[in-house]
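Below is one structure, written out as structure tokens; the observations come after it.
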2 protein chains.
Amino acid sequence: MTTSTETLGVESLPAAFAALGDDTRWELLQRLGTAPASATTLAADRPISRQAVARHLEVLREAGLVETEIHGREVRYRAIGSRLSALARDLDLLAQGWERRLRTIKAAAEG
Amino acid sequence: MTTSTETLGVESLPAAFAALGDDTRWELLQRLGTAPASATTLAADRPISRQAVARHLEVLREAGLVETEIHGREVRYRAIGSRLSALARDLDLLAQGWERRLRTIKAAAEG
DNA sequence: TTGACGTGCAATGCAATGGTTGCACCAGTG
DNA sequence: CACTGGTGCAACCATTGCATTGCACGTCAA
């Protein structure tokens, strides 16, 4: 479970995608990929409230895409790159399987 | 735009994820990765109506994840593996960048 | 041509989601 | 201690999204 070749498991993929499928959340995640930050900090240069940001961060955390780090009285969030890598790996594996199978079917249909 | 190394562009990623972030849609997509099928066929062995399935398929089509193929009076949908591959590639690139940057920051903070 | 099947479109109901504000609480700092 | 700043929790509202049913249209087969 700690190797770099681990996968998320097909069951959890939709959940992860649901977390990534919101513009604000995606923007926040990208921002956290730059450097860790707190909900208050993130909300500062954004048109939405601190609570709204915190809610998004919680969703990302539940999806395993972000981790928290206590720093005094503030909670800093950081993106977990390895999770995204695992996601990418799973996707690619699926895609390859489909491509192969469907190519076979298509060839059979045309032949 | 037709090579196997193309990417989707960061802007369209959340949209694609939103399409993938629904359980029913994900299940349908996996089913289409097995073999092409029509909305009616797909709805047959599923607890939801044909119209609901059709709506999901439309979402997937708009996200560029499936393509249609007219066969007589029926519309068959097939999964587009290359799209998923492109998505995987984009994700992996982002993840790598984050991992590298955040590692640097973390090292600086601990040192 | 008639009947049956596959689609598409529209109106509707209900649940989930994303946003807000207000308040209470804890942890550092003067 | 008093104050300030960052969190967390709760109530509430508006919008979106998923599913439904009903109907109309086109197309293939008997």
Side-chain angles (χ1 to χ4, degrees), chain A residues 11-32 34-79 105 109, chain B residues 11-32 34-79 105 109:
Chain A
E11 320 81 47
S12 67
L13 286 177
F17 288 140
L20 293 172
D22 178 88
D23 288 325
T24 302
R25 222 137 50 205
W26 180 254
E27 193 188 334
L28 287 172
L29 190 57
Q30 283 191 120
R31 167 67 178 73
L32 290 178
T34 297
S38 68
T40 302
T41 302
L42 290 169
D45 49 355
R46 223 161 292 271
I48 61 177
S49 67
R50 188 255 317 171
Q51 287 85 337
V53 170
R55 192 157 190 72
H56 281 305
L57 292 173
E58 177 61 16
V59 172
L60 288 173
R61 200 184 59 76
E62 284 174 356
L65 293 164
V66 151
E67 60 189 354
T68 59
E69 164 190 337
I70 308 297
H71 237 257
R73 63 184 159 190
E74 74 178 4
V75 180
R76 290 190 192 161
Y77 293 79
R78 80 164 58 232
I105 293 178
Chain B
E11 322 79 49
S12 66
L13 284 178
F17 290 142
L20 293 173
D22 178 87
D23 288 325
T24 302
R25 222 138 50 207
W26 180 255
E27 193 189 332
L28 286 172
L29 190 58
Q30 283 191 120
R31 167 67 179 71
L32 290 178
T34 297
S38 68
T40 300
T41 302
L42 290 170
D45 48 357
R46 222 161 293 268
I48 61 177
S49 68
R50 189 255 315 168
Q51 287 86 338
V53 170
R55 191 155 193 72
H56 282 304
L57 292 173
E58 177 60 16
V59 172
L60 288 172
R61 200 185 59 75
E62 285 174 355
L65 292 164
V66 302
E67 59 189 355
T68 58
E69 163 190 336
I70 308 297
H71 238 256
R73 64 183 157 187
E74 73 178 6
V75 180
R76 291 190 192 162
Y77 293 79
R78 81 163 58 235
I105 293 179

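Quick note on labels: first sequence line is chain A, next is B, and so on, each numbered from 1.
Protein atom CG of A/L42 is 16 Å distant from nucleotide atom C1' of D/dG5, rounded to whole Å. Taking atom CH2 of residue A/W26 and atom P of nucleotide C/dG18, one finds them 16 Å apart after rounding to whole Å. Nucleotide D/dG6 holds its C1' atom 8 Å from the CD atom of A/E74, rounded to whole Å. As rounded to whole Å, 11 Å separates atom P of C/dA27 from atom CZ of A/R73. Atom-to-atom, NE2 of A/H71 to P of D/dT7 comes out at 12 Å; the value is rounded to the nearest Å. Atom CZ in A/R46 sits roughly 15 Å away from atom P in C/dG18 (whole-Å rounding). Taking atom CG of residue A/D22 and atom C1' of nucleotide D/dG17, one finds them 13 Å apart after rounding to whole Å. Rounded to whole Å, the distance from CZ on B/R55 to C1' on C/dA10 is 11 Å.
At least one side-chain nitrogen or oxygen of B/T24 sits closer than 4.0 Å to the OP1 or OP2 atom of D/dA19. Within the 4.0 Å cut-off from OP1 or OP2 of C/dT7, at least one side-chain nitrogen or oxygen of B/S38 is found. Residue B/S49 places at least one side-chain N or O closer than 4.0 Å to OP1 or OP2 of D/dT20.
Closest-nucleotide positions on DNA chain C for A/G72 and A/A52 were compared, and the one nearer the 5' end corresponds to A/A52.
The line from CG of A/L60 to CD of A/E67 is 12.5 Å long, rounded to the nearest 0.5 Å. In this structure, A/T41 OG1 and A/R76 CZ are separated by 8.0 Å, a value rounded to the nearest 0.5 Å.
Contacts of A/R25 with the nucleic acid, taken as non-hydrogen atoms under 4.0 Å apart, involve only primed sugar atoms and P, OP1 or OP2.
Heavy-atom minimum distance, B/A18 versus B/R25: O-NH2, 3.2 Å. Taking all atoms of both residues into account, the shortest heavy-atom contact from B/A63 to B/A19 is CB-CB, 3.6 Å.
A donor-acceptor contact under 3.5 Å is formed by the side chain of B/Q51 with the base of D/dG22. The base of D/dG8 lies close enough to the side chain of A/R50 for a donor and an acceptor atom to sit less than 3.5 Å apart.
For A/H56, the side-chain atoms get nearest to C/dG18 when compared with the rest of D/dG8, C/dT20, C/dG18.
Each of A/H56, A/R55, A/R61 was compared with A/E58 under the side-chain hydrogen bond (donor to acceptor under 3.5 Å, both in side chains) criterion, and only A/R61 meets it.
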